[in-house]
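These notes are about the structure you will find just below.
All residue numbers in this chain count up from 1 along the given sequence. Please read these numbers as outputs of a predicted model, since none were measured by experiment.
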Amino acid sequence: MINKKKKNGRNIGLVNNWKEILFSEFKKDYMQSLSLFLREEKLKNKIIFPPGKKIFDALNLTDFHEVKVVILGQDPYHGKGQAHGLSFSVENNVEKPPSLKNIFKELKSDLGIEEPEHGNLASWGKNGVLLLNSVLTVEAGKPGSHYHRGWEKFTDKILKLLSEHANVVFILWGNKAQEKVSTLNLANDLILKSPHPSPFSANRGFFGSKPFSNANLILKARGLSPVDWKL
């Protein structure tokens, strides 16, 4: 988060074009209030995920001008060692959560790509897939604990900026993600919707939705190179 003592932007935590694009957003009251909230939570010895240096890793991994696909999550994993700034992803040597296992099942069914031993989706980010959560932090063991603190407004801004580019595909899994983009001016052929990959809903239409091949078909139709979904 921005430090009021450093107005040159060095402490924002962004390292690419997102830094310039979003710099003015960090100066707004809601982001200042969010920054204060996070500092106060830490002073109360509350554990917050992901670690501070990884909060903006989705943006740092996928530059604004390189985004081809957005996969929108809700808030970070709330278990120890899981969240590292990318939606649905966990770092190497961390057990894969059930939703991620289902994503890999669909990946194999869709494109024949075998499930990797790890659950780290960073290579997708490097290939133009923005793995963004609607809310970028969470208190340990308390899913949804940082809702309505300002993150939603911040990520709305990101999605609006991306929606102005005609060739970004949005993959929306579950009602929460679909509600997030309902206010944006997006062509229907750029939105891929299905139920969430959670075990509670994956059998209701996530399996068989072919989001990976369909995203690539859209990109190819617009003259863009497809995403390499291999991990």
Could you give all pairs that pass the side-chain hydrogen bond (donor to acceptor under 3.5 Å, both in side chains) test and reach residues 121-135, with sequence neighbours left out?
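Sorted pair list comes back empty.
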Tell me, which pairs form a side-chain hydrogen bond (donor to acceptor under 3.5 Å, both in side chains) where one or both residues lie in residues 70-81, sequence neighbours left out?
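Matches after skipping sequence neighbours: none remain.
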Is the side chain of [X] donor-acceptor paired with the backbone N or O of [Y] at a distance under 3.5 Å, no angle test?
X	Y	answer
Asn216	Val227	yes
Ser35	Gln32	no
Asn16	Phe64	no
Ser194	Trp173	no
Asp110	Glu106	no
Ser33	Asp29	yes

With [X], which residues qualify under side chain to side chain donor-acceptor pair (under 3.5 Å), at least two apart?
X	answer
Asp63	Asn17
Lys28	Glu25
Asp156	Lys180
Lys96	Glu115

Please check if Val15 and Phe26 belong to a single hydrophobic cluster, counting links between Ile, Leu, Val, Met, Phe, Trp and Tyr side chain heavy atoms closer than 4.5 Å.
no
According to a 4.5 Å side-chain heavy-atom criterion applied to Ile, Leu, Val, Met, Phe, Trp and Tyr, with indirect links allowed, do Leu36 and Val135 form part of one hydrophobic cluster?
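No, it is not one cluster - the side chains of Leu36 and Val135 are not joined through contacts under 4.5 Å.
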Could you grab the distance from atom [atom1] of [X] to atom [atom2] of [Y], nearest 0.5 Å is fine?
X	Y	atom1	atom2	answer
Asn92	Glu117	CG	CD	10.0 Å
Leu121	Leu86	CG	CG	7.0 Å
Ser198	Phe206	OG	CZ	10.5 Å
Leu107	Phe212	CG	CZ	5.0 Å

Flag side-chain contact, heavy atom, 4.5 Å: [X] against [Y]:
X	Y	answer
Thr137	Ile55	yes
Val129	Val67	no
Phe154	Leu136	yes
Leu172	Val181	yes
Ile71	Leu132	no
Gln82	Glu91	no
Leu219	Lys68	yes
Leu72	Leu131	no

Residues 97-105 side chain polar contacts: donor-acceptor under 3.5 Å, at least two apart:
residue, atom, partner, partner atom, Å
Asn102, ND2, Pro197, O, 2.7

For Lys157, I'd like to know if atom NZ has over 12 heavy atoms of other residues, nucleotides or ligands within 6.0 Å.
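12 or below, so no.
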Please say whether more than 12 non-hydrogen atoms of neighbouring residues, nucleotides or ligands are located less than 6.0 Å from CZ in Phe200.
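Atom CZ in Phe200 is not packed in, count stays at 12 or less.
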Does anything in residues 162-177 form a salt bridge (Lys or Arg N to Asp or Glu O under 4.0 Å)? List the pairs, not counting sequence neighbours.
none
Enumerate the salt bridge (Lys or Arg N to Asp or Glu O under 4.0 Å) contacts for residues 220-231, please, sequence neighbours excluded, ordered by first and then second residue.
Asp189-Arg222
Starting from Val138, walk the hydrophobic network (Ile, Leu, Val, Met, Phe, Trp, Tyr; side-chain heavy atoms closer than 4.5 Å) and list everyone else you reach, by chain and number.
Ile47, Phe49
Quick one: list whatever passes side chain to side chain contact (heavy atoms under 4.5 Å, CB included) with Glu139, sequence neighbours left out.
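Here the qualifying residues are Glu41, Lys46, Lys142, Ser145, His146.
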Given Tyr147 and Phe37, is the ring-ring contact (aromatic ring centres under 6.0 Å, His included) satisfied, shown in steps?
CA-CA 12 Å; Tyr147 282 12; Phe37 164 72; over 10 Å; no
With side-chain contact (heavy atoms from CB on, under 4.5 Å) as the test, would you mind laying out the steps for Ile171 and Val69 before giving the verdict?
CA-CA 7 Å; Ile171 296 178; Val69 176; 3.7 Å; yes
Side chain to side chain contact (heavy atoms under 4.5 Å, CB included) with Val70: which of Leu190, Val169, Ile158, Leu162?
Leu162
Check the angle between the aromatic planes of His196 and Phe88 and answer parallel, tilted or perpendicular using the 30° and 60° thresholds.
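Tilted.
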Quick one: salt bridge (Lys or Arg N to Asp or Glu O under 4.0 Å) partners of Glu40, sequence neighbours excluded?
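Glu40 satisfies salt bridge (Lys or Arg N to Asp or Glu O under 4.0 Å) with no other residue.
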Trace of the side-chain contact (heavy atoms from CB on, under 4.5 Å) decision for Asn120 with His84:
CA-CA 9 Å; Asn120 194 331; His84 68 120; 3.6 Å; yes
Please name the pair of heavy atoms, one in [X] and one in [Y], separated by the smallest distance, quoted to 0.1 Å.
X	Y	result
Ile48	Lys42	CD1-CG, 4.0 Å
Pro50	Pro76	CD-CG, 4.0 Å
Ser89	Ala122	OG-N, 4.5 Å
Leu59	Trp18	O-CD1, 3.1 Å

